[in-house]
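Take a look at the structure below.
Quick note: numbers below take in every heavy atom, side chains included, and nothing from hydrogens, waters or symmetry partners.
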Amino acid sequence: MNVVTVSELAQHVGQDVELKGWVYNTRSVGKIWFLILRDGTGILQCVVVKDETDDDSFTLEQDLNQEDSVTVTGTVREEPRALGGFELGVCTINVVSHVADEYPISHKDHGTDFLMSNRHLWLRSKRQHAIMRVRHQTIKAIRDFFDNNGFTLIDSPIFTGNAVENTTTLFELDYFERQAYLTQSGQLYQEAGAMAFGKSYCFGPTFRAEKSKTRRHLTEFWMVEPEMAYCDLDGNMDWAEKLVVYIIDAVLNNCQNELKVLERDITKLEAVVPPFPRITYDEAAKILKEHRDGFEYGKDLGGTDETVLSDRFEKPVMIHRWPADIKAFYMKRDEDEPELALGVDMLAPEGYGEIVGGGQREDDLEELVKRIRYHDLPLKPFQWYLDLRKYGSVPHSGFGLGLERTVGWICGTKHIRETIPFPRTMTRLEP
């Protein structure tokens, strides 16, 4: 008898198979009862009928608990009304192990803090499972996109000796005889990668010690960061647009069941087609002054500002050419308007905020030294970075796409903590 998974049932209609998994739920209808089985690849309705099932298996209904591990044999049938379109006519049920205690996460509502404290178990629930599958597909799409477009994966280090973003959001730690920091971004090392390979990217965890408790922030999150030599701001925006379109297409093509579980309005995702609107910071400021009280020109955008702007568009909107004083030291200035930096942020629609941030890098050695000094940063840790401008400097650009914010937007989640297996926030280090 074939041992199969729920995800493979379409290839085994009419066949006798064995599945291995866990009890998600049970329910009775007259002389028939249903075992709802999950196996990690999906959820399956198993129909237990007295005359079709052996006696020991039929009498198991009262003995089974949520999350008991079981193996089930039976015949695969098409059933359009069932989740996934298939069901199993049960022949036998064998219990591998019973849960030691009552499973803490029942099918009733629980508070968020309780669910987060039991995150290692909450991942088994239907909704969380769907979100993690979408996350998986998003990661696969990101890697496929860059691998298919001539980028080379160059891993950036986690330990660094310098800041990349705001120095107030660094996690500092002892590193033998000196101080080190958890990386805020892999970007600076990708600039070295781009000078060596033309186009490179890294994909890994980044850390920000930002004391924020909003639904958009984590202290540990994942970013993909491509960098391209001989690429200006416009080319950078083109790459960011193509990546996001590719991700959305991949999820729509491969995660229909998961999006259905999440009750996601996929027409919102289907609208994400090129070209994306592109507006300058000045144009964005004009919109905000008209539609939001208290906006101050020259400041970075807050969550409410981003929502006001993104609500005006069905697709992600790219805001470019920002006041230089609010952008990082490595951002190149606009030659025509030196008070502006050639940066870009991409805001997701539906109020999900910034999912991409990047820009054209300063490629002039003397100007970069001035910017480092202006920001009161030590030169020594950046000597290797300055070398990139000494030896074969070229115009280059890149960006970072935040995985969790992107997944949150795709899934329509209310809080970013649902989009990462084990979230780290100001108040949570466990599980």
Side-chain angles (χ1 to χ4, degrees), residues 165-166 168-169 208-219 221 223 233-234 236-237 240-241 244 248 264-265 267-269 271-328 331 333-334 336-360 399-419 425-426:
E165 303 293 340
N166 193 323
T168 62
T169 65
R208 303 279 173 92
E210 191 170 359
K211 293 184 177 179
S212 175
K213 297 180 180 179
T214 77
R215 65 185 182 91
R216 295 178 179 177
H217 286 89
L218 295 166
T219 56
F221 58 98
M223 272 209 300
L233 177 63
D234 289 332
N236 197 33
M237 290 192 282
E241 178 179 284
V244 171
I248 297 298
R264 184 63 164 113
D265 181 358
T267 62
K268 303 281 190 181
L269 301 177
V272 181
V273 295
F276 293 176
R278 301 180 184 186
I279 61 175
T280 64
Y281 177 91
D282 285 355
E283 291 170 326
K286 194 175 294 184
I287 294 171
L288 290 171
K289 284 180 179 179
E290 292 176 3
H291 296 91
R292 168 156 159 65
D293 294 333
F295 172 75
E296 187 178 345
Y297 181 89
K299 298 292 185 182
D300 204 354
L301 302 184
T304 303
D305 300 322
E306 292 176 343
T307 299
V308 169
L309 290 169
S310 64
D311 281 350
R312 299 178 64 84
F313 303 96
E314 290 185 343
K315 302 184 259 191
V317 56
M318 287 188 270
I319 303 170
H320 58 94
R321 289 175 170 78
W322 291 66
D325 287 344
I326 60 174
K327 286 300 181 182
M331 203 78 76
R333 301 293 181 91
D334 189 324
D336 298 325
E337 299 180 78
E339 71 279 6
L340 299 180
L342 298 179
V344 58
D345 285 2
M346 182 190 292
L347 308 182
E350 304 175 78
Y352 281 90
E354 178 192 341
I355 56 171
V356 170
Q360 188 169 339
F399 61 86
L401 177 140
L403 176 62
E404 285 75 23
R405 286 191 183 181
T406 302
V407 172
W409 161 48
I410 293 172
C411 292
T413 63
K414 292 182 178 179
H415 201 293
I416 198 170
R417 64 189 163 213
E418 289 189 87
T419 65
T425 65
M426 283 179 62

Using the side-chain hydrogen bond (donor to acceptor under 3.5 Å, both in side chains) criterion, which residues pair with [X]? Sequence neighbours excluded.
X	value
T425	none
T219	none
E350	R264

For the atom pair [atom1] ([X]) and [atom2] ([Y]), what is the distance rounded to the nearest 0.5 Å?
X	Y	atom1	atom2	result
D300	I326	CG	CD1	4.5 Å
R208	H217	CZ	NE2	9.0 Å
L269	I410	CG	CD1	7.0 Å
I355	M223	CD1	CE	13.0 Å
T304	L309	OG1	CG	11.0 Å

Only one of D234, I279, L342, V344 passes side-chain contact (heavy atoms from CB on, under 4.5 Å) with H320, and that residue is V344
Practice prompt. Applying side chain to side chain contact (heavy atoms under 4.5 Å, CB included), run through L301 and I319 and close with a yes or a no.
Written response: CA-CA 11 Å; L301 302 184; I319 303 170; 3.9 Å; yes
With a 4.5 Å heavy-atom cut-off, do F276 and M237 have their side chains touching?
no
Residues 303-327 vs salt bridge (charged side-chain N to carboxylate O under 4.0 Å, His left out), sequence neighbours excluded, gives R216-E306, R292-D305, R321-D334, K327-D345
Ring pair (Phe, Tyr, Trp, His ring centres under 6.0 Å) pairs touching residues 277-317, sequence neighbours excluded, are Y281-Y297, Y281-W322
Q) Is the backbone N or O of G412 less than 3.5 Å from a side-chain atom of Y352, with the two atoms forming a donor-acceptor pair by type? A) yes
Residue pairs meeting side-chain hydrogen bond (donor to acceptor under 3.5 Å, both in side chains), one or both in residues 401-414, sequence neighbours left out, come to R135-E404
